[in-house]
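Okay, structure first, notes after.
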Amino acid sequence: MIHVIATKFGALELEETERGVRRISFVEGGASRAVAPAKPTNLEAKLSKYFQGGRVDFSTVSLDLQEVSSFQRRVWEAAMKIPYGEVRTYGWIARKLNSSPRAVGQALKSNPLPIVIPCHRVVSSQGIGGYSGGINLKTRMLKLEGALR
DNA sequence: CTGCGAGTCAAAC
DNA sequence: GTTTGACTCGCAG
C-alpha cells in the first residue's frame, strides 16, 4: 500500500504493509502528486502533525524493515532513542556502539525511513553533517523541532 | 582561525 | 585485496 501525502517540505511517499511501514521517501516535484487518502493511517496522522510543528513520538510506530545488516539496525535503533528537539553527533553514536563515526554515517545514509528514524538529529561535531535528502532538508527539520540555534 | 594527516570501520568495488 | 565515506581528533601555520 503506497500513499503520497503533502507536507510543507514537499510530497512524501509512504509504503506500508500489514506489518508496518517499509519505506518513506521524499518525492521530486513538490506536492502536486499528493492524494488525500480516504482514511489516513496512524502513521499519516503522525506525519502530518509532525510537519505542522507538533512534537510527535514515532517510537511506537511499527516498522517493517527489509533485510539489513545488524550493524545498520543497531545504528537506526540508537538514532530512534534521540528525543524530539535534541541532536547527537556521529561520534556519540559510534562510541556507544563501539564503532567509528564514518561507519555510522554509512549506515544512516541507507536509512529507508527518514523522520520515523530521525537520522536528521545526527549531526557532525563540527557542523551540520550530511543528509541523504539534502542538507537543506535536514536544516529545516531541525529548525522545525527547535533543535537549531 | 584554517588546513592537513592519520585513525577508524563497514560497505562497495 | 583496495578505496571510499553524511566523521573526528590533533597539531602545525
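Just so we're on the same page: letters track the sequence lines, and every chain starts at 1. Fair warning: this is a prediction, and the values are worked out from it, not measured in the lab.
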By salt bridge (Lys or Arg N to Asp or Glu O under 4.0 Å), which residues pair with Glu16(A), not counting sequence neighbours? none
How many whole angstroms separate atom [atom1] of [X] from atom [atom2] of [N]?
X: Asn111(A); N: dA6(C); atom1: CG; atom2: C1'; value: 12 Å
X: Leu108(A); N: dA11(B); atom1: CG; atom2: C1'; value: 14 Å
X: Arg74(A); N: dA11(B); atom1: CZ; atom2: C1'; value: 15 Å
X: Leu142(A); N: dA6(C); atom1: CG; atom2: P; value: 18 Å
X: Ile128(A); N: dA6(C); atom1: CD1; atom2: P; value: 15 Å

If you write DNA chain B from 5' to 3' in dot-bracket form, with Watson-Crick or G-U pairs under 3.5 Å, [ ] for crossing pairs and | for pairs with another strand, what do you get? |||||||.|||||
Scan nucleotides 11-13 of chain C against the protein and return all N/O pairs shorter than 3.5 Å with their distances rounded to 0.1 Å.
none

Can you list, by residue number, the residues of residues 131-141 of chain A that have a non-hydrogen atom closer than 4.0 angstrom to DNA chain B?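 Listed by number, there are none.
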Of all the heavy-atom pairs spanning [X] and [Y], show the shortest one and how long it is.
X: Ile115(A); Y: His120(A); value: CA-CE1, 4.2 Å
X: Ala147(A); Y: Gly85(A); value: CB-O, 3.4 Å
X: Met1(A); Y: Thr41(A); value: CE-CG2, 3.9 Å

If two hydrophobic side chains count as joined below 4.5 Å and joins carry through other members, does Leu63(A) share a cluster with Phe71(A)? yes
Quick one, which residues of residues 76-94 of chain A touch DNA chain C with a heavy atom under 4.0 Å? Thr89(A), Tyr90(A), Gly91(A)
Give, for atom [atom1] of [X] and atom [atom2] of [Y], the distance between the pair rounded to the nearest 0.5 Å.
X: Phe58(A); Y: Leu43(A); atom1: CZ; atom2: CG; value: 7.0 Å
X: Leu144(A); Y: Phe9(A); atom1: CG; atom2: CZ; value: 5.0 Å
X: Arg121(A); Y: Glu86(A); atom1: CZ; atom2: CD; value: 9.0 Å
X: Ser59(A); Y: Glu77(A); atom1: OG; atom2: CD; value: 12.0 Å

Looking at Ser69(A), I'd like to know whether one of its side-chain N or O atoms comes within less than 4.0 Å of OP1 or OP2 on dA10(B). no
How about Val122(A) and Ile82(A): do any of their side-chain heavy atoms sit closer than 4.5 Å?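 Heavy-atom side-chain distance check passes, below 4.5 Å.
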Short question: side chain of Lys138(A), backbone of Ile128(A) - any donor-acceptor pair under 3.5 Å? yes
For Trp92(A) and Ser125(A), indicate whether the former's side chain and the latter's backbone hold a donor-acceptor pair under 3.5 Å.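 Checked: no pair found.
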Listing time: all N or O pairs from protein to nucleotides 7-9 of chain B that are below 3.5 Å?
unit_1 : atom_1 : unit_2    : atom_2 : d
dG7(B) : O6     : Arg102(A) : NH1    : 3.1
dC9(B) : O4'    : Ser100(A) : OG     : 3.1

What nucleotide among dA11(B), dA6(C), dT8(C) has an atom nearest to a side-chain atom of Ser125(A)? dT8(C)
